*Asks:* 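Sharing a structure here in structure tokens format.
Each chain gets a letter, A, B and so on, in the order its sequence line appears, and its residues count up from 1. Note that this is a predicted model, so its numbers are computed, not measured.
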Protein chains: 2
Amino acid sequence: MSLRHALLGLLAQGPASGYDLTRAFAGDDGGIGQYAWQAGHSRIYPELGKMADAGLVVVDETGPRGRKSYALTDEGRTELRRWMLHRPERTTVRDETVLRMFLVQSLEPDDARRLLEGIAEHCAAELAKLRSVMDEVDAEHDPHEPVPFGRLAGEYGLRQYEAVHGWALWSLERLGATVPG
Amino acid sequence: MSLRHALLGLLAQGPASGYDLTRAFAGDDGGIGQYAWQAGHSRIYPELGKMADAGLVVVDETGPRGRKSYALTDEGRTELRRWMLHRPERTTVRDETVLRMFLVQSLEPDDARRLLEGIAEHCAAELAKLRSVMDEVDAEHDPHEPVPFGRLAGEYGLRQYEAVHGWALWSLERLGATVPG
DNA sequence: AGGAACATGTAACAAGTTACATGATTCA
DNA sequence: TGAATCATGTAACTTGTTACATGTTCCT
């Protein structure tokens with residue numbers, strides 16, 4: 001039931017509507033939906049309803065066009081904290097990109113090389129993009145204030161891309177050793 | 001439909017039964033199920049059935065206890081290759097661990113620190129374990145032969161743990177700056 | 001003989017995606 | 001006034017998990 005906790009975590013930042021939360025998931029902007037968890041509005045609205053029934057959130061404000069803004073309750077905050085600090089022995093993982101990495105060796109060497117080169121290029125490009133965004137965030141940020149929300153996640157993304165980039169290059173070398181020329 | 005492709009990828013290594021494939025997913029041994037994709041036998045058996053209907057695999061051998069060994073067909077290999085080399089713009093991602101990382105900043109600083117310390121320790125421990133396994137693999141491997149299956153995935157795991165470890169330490173420093181003492 | 005591991009399957013439930021459906025407000 | 005965006009919801013379908021169910025072979 002991680003969608004519930006994702007929503008609790010986002011609401012911990014401040015009240016938001018289902019529509020706001022849907023955008024937080026949808027972004028191609030290095031947000032939660034790109035790296036951590038995906039959800040569409042058709043799951044988010046019913047889940048918010050159930051969470052309200054369970055007392056984890058309340059509608060704190062209604063706006064135009066039927067907008068309902070949800071806020072965390074103390075119960076919700078407690079549940080979020082419990083989930084964050086409790087490490088389950090086995091967690092949900094479903095990652096198509098990593099799956100491709102696992103299966104690189106099922107391809108013929110030429111195909112594998114092509115795939116790895118594509119991955120390396122893609123990572124380099126994304127890395128450059130994300131790095132410039134993060135540099136900007138850091139430049140605008142007063143070092144005496146708390147880290148801006150999302151900065152830690154951004155750093156994770158950065159290091160993630162670096163790791164995959166390095167891995168692709170390492171793999172190309174390893175594969176290359178078997179086919180001289 | 002990534003389960004299908006995960007199965008095709010595993011079968012590219014050689015024929016296997018549903019039971020064999022189930023173990024490949026289930027392992028806590030740094031296998032596909034720990035990092036890339038999870039599946040239980042109750043999904044695997046029906047999927048193998050459908051794949052056989054679609055001509056992607058065939059039962060190449062039957063054994064004791066009703067064992068059915070599946071092998072890739074040419075069609076299956078073509079479909080696997082198509083999927084591997086075709087980069088979709090948006091891929092499935094669902095990762096509870098990364099979700100926690102995204103939400104670290106929803107915790108109070110003390111809790112966040114505790115969580116990050118736990119992550120750093122956990123990564124260091126897993127890294128050490130995996131490194132010794134990979135060192136062993138490398139020691140037993142003739143450098144003139146192709147890279148052993150799983151070695152690239154193992155390297156990915158290694159670099160992944162290193163990245164997360166580094167990230168946790170960096171984040172601790174960043175958080176620490178806001179709360180002196 | 002009896003337990004562990006091998007081996008396959010189905011059913012009920014939970015979670016997520018895509019498509020369908022509707023309506024209000026804002027802005028040019 | 002018309003298009004874009006805001007805003008919420010449901011229904012049908014797909015995918016995955018947990019629980020139920022059964023039978024065989026190997027090893028001690």
*Asks:* Got a donor-acceptor contact below 3.5 angstrom from the A:Glu61 side chain to the A:Ala16 backbone?
*Replies:*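 Looks like no, no N/O pair under 3.5 Å.
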*Asks:* Would you indicate, yes or no, if D:dT8 has its OP1 or OP2 atom less than 4.0 angstrom from a side-chain nitrogen or oxygen of A:Tyr19?
*Replies:*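 Answer no for this pair, as no side-chain N or O of A:Tyr19 is under 4.0 Å from OP1 or OP2.
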*Asks:* Taking any heavy-atom pair under 4.0 Å as a contact, classify A:Arg23: base, sugar-phosphate, or nothing.
*Replies:* sugar-phosphate
*Asks:* In whole angstrom, what separates A:Tyr70's OH from D:dA7's C1'?
*Replies:*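 Taking OH of A:Tyr70 and C1' of D:dA7, I get 12 Å after rounding.
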*Asks:* In this structure, how many angstroms lie between the P atom of C:dA7 and the NZ atom of B:Lys68, rounded?
*Replies:* 13 Å
*Asks:* Can you check whether A:Asp20's main-chain N or O pairs, donor with acceptor, with A:Ser17's side chain at less than 3.5 Å?
*Replies:*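 Judged by distance alone, yes, a pair lies under 3.5 Å.
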*Asks:* In whole angstroms, how far is the P atom of D:dA7 from the CG atom of A:Leu21?
*Replies:*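 Checked: the CG to P distance equals 12 Å.
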*Asks:* In whole angstrom, give the distance that lies between atom CD of B:Glu96 and atom P of D:dT17.
*Replies:*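 About 12 Å, once rounded to whole Å.
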*Asks:* Treating primed atoms plus P, OP1 and OP2 as sugar-phosphate and everything else as base, which nucleotides of nucleotides 13-18 of chain C get B, S or - for protein heavy atoms under 4.0 Å?
*Replies:* --SBBB
*Asks:* Treating A:His141 as the side-chain partner and A:Pro146 as the backbone partner, does any N or O pair qualify as donor plus acceptor under 3.5 Å?
*Replies:*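 Yes, A:His141 side chain to A:Pro146 backbone: donor-acceptor pair under 3.5 Å.
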*Asks:* Does A:Trp170 reach the side chain of B:Tyr156, with side-chain heavy atoms less than 4.5 Å apart?
*Replies:*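 Of all side-chain heavy-atom pairs linking B:Tyr156 with A:Trp170, none is under 4.5 Å.
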*Asks:* I need the minimum non-hydrogen distance between A:Glu75 and A:Ala54, along with the two atoms involved.
*Replies:*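 Nearest heavy atoms, A:Glu75 then A:Ala54: OE2-O, 3.7 Å.
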*Asks:* Please answer whether the main-chain N or O of B:Glu126 pairs with a side-chain N or O of B:His122 as donor and acceptor at a distance below 3.5 Å.
*Replies:* no
*Asks:* Looking at every heavy atom in both B:Ala12 and B:Leu72, which two are closest together, and how far apart are they?
*Replies:*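 B:Ala12 and B:Leu72 have their closest heavy atoms at CA-CD1, 3.7 Å.
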*Asks:* Tell me, for nucleotides 23-28 of chain C in 5' to 3' order, what letter each nucleotide earns: B for a base near a protein heavy atom under 4.0 Å, S for only sugar-phosphate near one, - for neither?
*Replies:* BBB---
*Asks:* What integer distance in Å separates A:Arg67:CZ from D:dG9:P?
*Replies:*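 Taking atom P of D:dG9 as the reference, CZ of A:Arg67 is at 13 Å.
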*Asks:* What is the distance, rounded to the nearest whole Å, between atom NE2 of B:His5 and atom C1' of D:dT15?
*Replies:*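 Whole-Å distance recorded here is 15 Å.
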*Asks:* Could you state the CZ-C1' distance from B:Phe25 to D:dT15, rounded to the nearest angstrom?
*Replies:*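 Spelled out: CZ on B:Phe25 to C1' on D:dT15 is 13 Å.
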*Asks:* For the pair A:Glu136 (side chain) and A:Arg131 (backbone), establish whether a donor and an acceptor sit closer than 3.5 Å, ignoring hydrogens and angles.
*Replies:*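 No: the side chain of A:Glu136 does not pair with the backbone of A:Arg131.
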*Asks:* Look at the rings of A:Trp83 and A:His5 and say which category their plane angle falls in: under 30° parallel, 30 to 60° tilted, over 60° perpendicular.
*Replies:*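 Rings of A:Trp83 and A:His5: parallel, as their planes differ by under 30°.
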